[in-house]
Structures are given as structure tokens and as C-alpha cells.
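Okay, structure first, notes after.
The figures that follow rest on heavy atoms only: side chains count, while hydrogens, waters and symmetry mates do not. FYI, the numbering just counts along the sequence from 1.
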Amino acid sequence: MGNVYGRKDRVSSQMQKELSFILQRDIDDPRLGFVTINEVEVTRDLAVAKVYFTVLNTDEAGKRANQKCLNELAPQIRHELAKRMRLRHIAELRFHYDDSFDTGMRVAALLSEVAKELPVEDLPEDES
């Protein structure tokens, strides 16, 4: 039976931790907002890493600006990452905004609107 949690997954997980630390402590760029690394997907050959991030309290233009800034800083961030990780080759970093949080918030808002419109007797009872 194959290894369920393979090297690719371990590298992705460690890369996510290190990138979060690097962006918090080492990268001092005023263009960046409060960036959170949500997920890192590394290709099978560990050559390319898709880094999914979110930014708090920003609009669409701010999200695009942060993505552009991160992709411009990718070589510098990659260099810092190479210092921290024991890999022969460090993956090329490609930053993508993760809109799953925004989608989840939109769905939650829609569900709360629907719940407000339902009569009280139609609401499910708690089974506690």
C-alpha cells in the first residue's frame, strides 16, 4: 500500500508554514495587506507551487493589487524559503487569491436572509 501522506503533501504543508512566517516577519512591503496563506499545492515534481492566500479588509482592487505584489516579490520570497527548507530545488511560487472564504461568507449571508424570511413555526427545532 502506498504512502497516504506523501512527500508532495509534506512539502506543501511545510511550505505553507514557512511562507506564513516569511510574510509575517521577513517581507516588509507597504503595498501588502494582512495576508494569510490558506493552502499550497505543489506539483508532483515539486517544480511549481500554487500558493492560495486571502487578505483581510480589502476590496476587489485590493485583492488584485496584493496578488500582483506577491507575484512580483515571489523571487525574494522564494530565496527566503530556500534558506529555511532543506530541498535541493525550491518550487517556483505562483500566488492566487483564494475566494472560498468570500464565497462562504456570501452563502452564510444568504442563508441568514432565508432564515429571517421563514415563519417561526417552519424553523427546525434543536434536538439538544
Side-chain angles (χ1 to χ4, degrees):
M1 186 165 144
N3 194 355
V4 177
Y5 192 65
R7 181 168 190 243
K8 181 179 97 152
D9 296 327
R10 289 191 311 269
V11 169
S12 294
S13 177
Q14 185 64 32
M15 198 174 281
Q16 179 179 356
K17 291 174 192 171
E18 296 296 342
L19 285 170
S20 295
F21 187 80
I22 289 168
L23 287 173
Q24 184 180 24
R25 301 269 163 84
D26 297 336
I27 302 299
D28 187 27
D29 194 312
R31 298 176 296 170
L32 285 178
F34 186 74
V35 176
T36 304
I37 304 297
N38 293 353
E39 184 179 5
V40 177
E41 287 181 3
V42 181
T43 57
R44 201 173 198 173
D45 62 356
L46 306 178
V48 176
K50 287 184 180 178
V51 182
Y52 294 95
F53 71 95
T54 54
V55 183
L56 291 181
N57 301 327
T58 188
D59 57 354
E60 280 300 316
K63 293 170 188 175
R64 284 192 302 274
N66 276 279
Q67 181 175 356
K68 183 178 183 229
C69 180
L70 284 169
N71 281 311
E72 288 173 2
L73 292 172
Q76 179 184 350
I77 296 169
R78 184 178 179 204
H79 181 74
E80 289 296 322
L81 189 62
K83 291 179 188 177
R84 297 173 184 274
M85 293 187 71
R86 291 181 163 191
L87 292 174
R88 187 173 295 213
H89 300 285
I90 295 293
E92 175 188 338
L93 303 175
R94 296 181 184 160
F95 289 91
H96 302 278
Y97 185 78
D98 184 6
D99 60 356
S100 62
F101 179 74
D102 297 338
T103 303
M105 293 299 289
R106 201 166 35 251
V107 168
L110 289 172
L111 288 174
S112 67
E113 282 181 33
V114 169
K116 287 178 188 174
E117 293 174 4
L118 284 176
V120 176
E121 59 272 0
D122 289 347
L123 292 175
E125 294 181 23
D126 286 337
E127 297 179 15
S128 356

Donor-acceptor pair, side chain of Asp98 and main chain of Glu39, under 3.5 angstrom: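 Not at all, since once roles are kept as given, no pair shorter than 3.5 Å links the two residues.
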Polar side chain donor-acceptor pair, Glu80 to Gln76, under 3.5 angstrom: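 Absent: no donor and acceptor within the cut-off.
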Nearest non-hydrogen partners of Leu46 and Lys8, listed with the distance: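 In this case the closest contact between Leu46 and Lys8 is CD2-CA, 4.2 Å.
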Measuring from atom [atom1] of [X] to atom [atom2] of [Y], what distance do you get when rounded to the nearest 0.5 angstrom?
| X | Y | atom1 | atom2 | answer |
| --- | --- | --- | --- | --- |
| Ile37 | Phe95 | CD1 | CZ | 5.5 Å |
| Leu23 | Leu70 | CG | CG | 6.0 Å |
| Phe34 | Thr54 | CZ | OG1 | 9.0 Å |

Min side-chain heavy-atom separation Glu72-Arg31 under 4.5 Å: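 A side-chain contact exists here, since the closest heavy-atom pair is under 4.5 Å.
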Salt bridge Lys116-Glu113, side-chain N to carboxylate O under 4.0 Å: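 So Lys116 does not pair with Glu113 through a salt bridge.
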NZ/Lys63: more than 12 non-hydrogen atoms of other groups inside 6.0 Å: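 Yes.
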For Tyr97, side-chain hydrogen bond (donor to acceptor under 3.5 Å, both in side chains) partners two or more places apart: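 With neighbours one apart ignored, the set is Asp102.
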Let me check something: any side-chain donor-acceptor pairs from residues 86-94 under 3.5 Å, sequence neighbours excluded? List them with distances.
unit_1, atom_1, unit_2, atom_2, d
Glu92, OE2, Arg94, NE, 3.2
Glu92, OE2, Arg94, NH2, 3.4

side-chain contact (heavy atoms from CB on, under 4.5 Å) partner of Leu81, chosen from His79, Lys83, Met85: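 Per the side-chain contact (heavy atoms from CB on, under 4.5 Å) rule, the option paired with Leu81 is Met85, out of His79, Lys83, Met85.
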Which residues share a ring pair (Phe, Tyr, Trp, His ring centres under 6.0 Å) with His96, sequence neighbours left out: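 By the ring pair (Phe, Tyr, Trp, His ring centres under 6.0 Å) rule, His96 matches Tyr52.
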